[in-house]
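Notes for the one structure printed next.
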Amino acid sequence: MFSNLTTNSSSFRLLLLALMVLQNSSVVLIGRYTRDSEASADLYVVNHLILVCEVMKFFFSCFLEHQYTSGQLVKSMKENIIDVPLDALKIMIPSLLYLLQNTLLYVALSNLSAPLFQVTYQSKLLTTAIVSVIMLQRRYSPKQWVCLTALGIGVAIVVLGAQDQSKTASDANNPEQNLVTGLVAVTTACFSSALAGVYFEKVLKKPTNDGVQTKAPVSLWMRNIQMAFFSVCIALFNNYTNYGMNDADKQKPFLHGFSGWVWTLALLQAGGGLLVAAVIKYADNVLKGLATGVSVVTSTACSMVLFGTPLTMQFLTGAIIILSSVFFFSNDIPGSAKKKNEGMSGEVEKRPLADSNV
């Protein structure tokens, strides 16, 4: 599918950047709009949306694997699923974690403003670093730990500012919001994202063994097929048992409240993980860091216009600290690159893990 494109192509890299910014910003804004613009009785059920997203992701992944194997999708499924069922079952763990993460993100979006959600969710870099040190024995440079510490301080500044604002701000026309619920949801989602991402990386890079010989690692698209399949099974179970639903949601039929905007959100969510996979394969962390910063700025500006979200100096200060930390965690401080090339720095910095919503 991307065989004629290279990472050296500036136009392709700009296209990836634009798509990432559009996807990241759109998911936050549309997700908040769909939870904010309707009365509780007309809202869609999050479990239904998760199921639709995973079904879409499954078919998208099948299409990409079909392209990747030049039409040998069935053969690839036999070799990587039927012949090695235990290897395929490994993907059930990140599937559960991703399903938990996606569910919690909508809880957070229902209780936090778009800028607050977008900025605090950047703390997933901190949780990913901690989990990668524990599970992968990775090492980070002092500069990167300083960036992680600064990120935590920036998140605290933003949260404290929002807490002060929530005491005086009240809107009777909007659904009731709970800051504590939103923050707990986004924090748990960050840890779920980190655990799933680190585990998925280990499985993705580890060669498979069918009992006779060791084979090359399974393709990224096949792993996404496996993950989406398990996620669909789990989502079906949750919908059948009404797991996590309140009494009002249990009475709603399937796809209740699915407007055009909700279907758009489902498409964005399903395609988002595959887009990140393309960025991992064809671009680098510089582009990812830039896209993160631009998407935060974009969603914040749009939130001001669409939702009338007030921006305080405390929020802006915290946001600047967080975005600077994310950028310098992945990139050299100006002037340090030359010293590294001259051999003055012996420690190799570890790049942050890829975004886990793959």
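In what follows, every heavy atom counts, from backbone to side chain, and hydrogens, waters and symmetry copies are set aside. For clarity, every value in this text was computed on a predicted model and none was experimentally measured.
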From [X] [atom1] over to [Y] [atom2], what is the distance, rounded to the nearest 0.5 angstrom?
X      : Y      : atom1 : atom2 : value
Lys57  : Cys62  : NZ    : SG    : 13.0 Å
Lys252 : Asn47  : NZ    : CG    : 11.5 Å
Met56  : Leu268 : CE    : CG    : 10.0 Å
Asn178 : Leu112 : CG    : CG    : 9.5 Å
Asn238 : Ile50  : CG    : CD1   : 9.5 Å
Trp263 : Ile30  : CH2   : CD1   : 14.5 Å

Side chain to side chain contact (heavy atoms under 4.5 Å, CB included) between His48 and Phe258, intermediate numbers included: CA-CA 9 Å; His48 297 171; Phe258 268 61; 4.0 Å; yes
Is [X] reaching over with its side chain to a backbone N or O of [Y], donor-acceptor style, under 3.5 angstrom?
X      : Y      : value
Lys143 : Phe328 : yes
Ser76  : Gln72  : no
His256 : Ala41  : yes
Gln226 : Leu89  : no
Thr127 : Cys190 : yes
Arg35  : Leu43  : no

Heavy-atom closest pair, residues [X] and [Y]:
X      : Y      : answer
Gly182 : Ala108 : O-CB, 3.8 Å
Ala194 : Val131 : CB-CG2, 3.8 Å
Ser219 : Glu65  : OG-OE1, 2.7 Å
Ala189 : Leu105 : CB-CD2, 3.7 Å
Ser61  : Ile225 : CB-CG1, 3.5 Å
Ser231 : Glu54  : CB-OE1, 3.3 Å

Report yes if the side chains of [X] and [Y] come closer than 4.5 Å at any heavy-atom pair, otherwise no.
X      : Y      : result
Asn224 : Leu64  : no
Ile81  : Met222 : yes
Leu179 : Asn111 : no
Tyr199 : Lys90  : yes

Under 6.0 Å from the [atom1] atom of [X], do we count more than 12 heavy atoms belonging to anything else shown?
X      : atom1 : result
Phe254 : CZ    : yes
Phe191 : CZ    : no
Phe229 : CZ    : no
Tyr33  : OH    : no

Look at the side-chain heavy atoms of Ile, Leu, Val, Met, Phe, Trp and Tyr, link any pair under 4.5 Å apart, and say whether [X] and [Y] land in one connected group.
X      : Y      : answer
Val107 : Leu100 : no
Phe60  : Val27  : yes
Val55  : Met77  : yes
Leu96  : Phe58  : yes
Leu265 : Leu22  : no

So Trp145 and Tyr140, would you call those rings parallel, tilted or perpendicular, with 30° and 60° as cut-offs? perpendicular
